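Remember, predicted model here, so these are calculated numbers, not experimental data. Below, all heavy atoms of this structure are taken into account, side chains as well, without hydrogens, waters or symmetry copies.
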Amino acid sequence: QVQLVESGGGLVQAGGSLRLSCAASGRTFSGYTMGWFRQAPGKEREFVAAITWSGGSTYYADSVKGRFTISRENAKNTVYLQMISLKPEDTAVYYCAARVFPVISSSNHEYRYWGQGTQVTVSS
């Protein structure tokens, strides 16, 4: 079992920045692909970014490409999502997720473990 806890959300003005963190505990973090997803009110959960265990491969949704950066520190069992140039449409609850297989996926069905989420609100 893997427990994921997100932090770093908050209220920011459009154009601002935030860095989300996801701390993993429980079973070994080794080999897991990690992803960030988000869900806005009334909308389905959508993929944001993912990173392989080694950090050698990353993948982003088109809507955040060039503005968001996913990274990880395996020694700290932590994954980050650096967000810049935030827009009101980025407002959502952001979830961290872990996938057992070492291959990136943008499908939320491929991720076994999920955090509780952290709210990001971008004001215009």
Side-chain angles (χ1 to χ4, degrees):
Q1 194 75 2
V2 173
Q3 291 81 42
L4 304 174
V5 178
E6 302 95 336
S7 62
L11 173 64
V12 64
Q13 289 188 331
S17 303
L18 282 174
R19 188 177 81 155
L20 305 183
S21 298
C22 172
S25 62
R27 287 187 59 179
T28 177
F29 199 46
S30 177
Y32 283 22
T33 295
M34 300 300 295
W36 285 96
F37 291 77
R38 66 186 182 186
Q39 188 167 18
K43 294 188 177 181
E44 293 187 354
R45 191 169 298 187
E46 66 173 0
F47 171 77
V48 175
I51 187 168
T52 53
W53 160 248
S54 67
S57 293
T58 57
Y59 183 64
Y60 297 91
D62 288 342
S63 59
V64 306
K65 203 172 294 183
R67 299 187 299 121
F68 291 11
T69 302
I70 188 171
S71 61
R72 64 192 295 168
E73 284 189 75
N74 291 334
K76 295 183 177 180
N77 286 348
T78 302
V79 179
Y80 305 98
L81 186 67
Q82 178 69 50
M83 306 184 294
I84 66 171
S85 302
L86 283 162
K87 306 174 181 179
E89 50 263 44
D90 294 319
T91 295
V93 176
Y94 282 71
Y95 297 91
C96 174
R99 181 168 193 246
V100 175
F101 298 103
V103 176
I104 283 179
S105 173
S106 61
S107 171
N108 58 354
H109 301 293
E110 300 289 338
Y111 290 78
R112 179 180 296 182
Y113 302 107
W114 291 83
Q116 294 301 305
T118 184
Q119 177 70 48
V120 172
T121 303
V122 184
S123 63
S124 57

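- Summarising the geometry of W36 relative to C22, their closest heavy-atom pair is CZ2-CB, 3.7 Å, with the distance given to 0.1 Å.
- When all heavy atoms are compared, the tightest approach of E6 to G115 is OE2-CA, 3.2 Å.
- In this structure, R45 is not positioned above the aromatic face of F37 in the sense of NZ or CZ being under 6.0 Å from the six-membered ring centre and within 45° of the axis.
- The side-chain heavy atoms of V120 and M83, taken from C-beta on, include a pair separated by under 4.5 Å.
- T33 and I51 make their closest contact through CG2-O, 3.4 Å (heavy atoms, listed as atom of the first residue, atom of the second, distance).
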* To do: Test side-chain contact (heavy atoms from CB on, under 4.5 Å) on I70 and Y60 and set out the steps.
  => CA-CA 9 Å; I70 188 171; Y60 297 91; 3.4 Å; yes
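- Atoms CE and CZ, on M34 and R99 in that order, are 12.5 Å from each other to the nearest 0.5 Å.
- A side-chain contact (heavy atoms from CB on, under 4.5 Å) with L4 is found for one member of Y95, Y111, Y113 and no other, namely Y113.
- Nearest approach of S17 to Q82, heavy atoms of both residues: CB-NE2, 4.2 Å.
- Pairing each heavy atom of T78 with each of S21, the nearest pair is CG2-CB, 4.4 Å.
- Exactly one of T91, V122, T121, D90 qualifies for a side-chain contact (heavy atoms from CB on, under 4.5 Å) with V12. That residue is V122.
- Salt bridge D62/K65: present, at least one basic N to carboxylate O contact under 4.0 Å.
- Between W53 and N74 the shortest side-chain heavy-atom distance falls below 4.5 Å.
- Side-chain heavy atoms closer than 4.5 Å link hydrophobic residues (I, L, V, M, F, W, Y) into clusters, and following such links, possibly through other members, connects V79 to V100.
- You'll find the side chain of R38 reaches within 4.5 Å of the side chain of V64, heavy atoms only.
- The CD atom of Q13 sits 11.5 Å away from the CG atom of L86 when rounded to the nearest 0.5 Å.
- For A24 against V2, the heavy-atom pair with the smallest separation is CB-CG1, 4.3 Å.
- Hydrophobic clustering places L18 together with F68 (ILVMFWY residues linked when any side-chain heavy atoms are closer than 4.5 Å, directly or through intermediates).
- Clustering ILVMFWY residues whenever any of their side-chain heavy atoms sit less than 4.5 angstrom apart, transitively, puts W114 in the very cluster that holds F47.
- The environment of Q116 atom CD is sparse: at most 12 non-hydrogen atoms of other residues, nucleotides or ligands sit within 6.0 angstrom.
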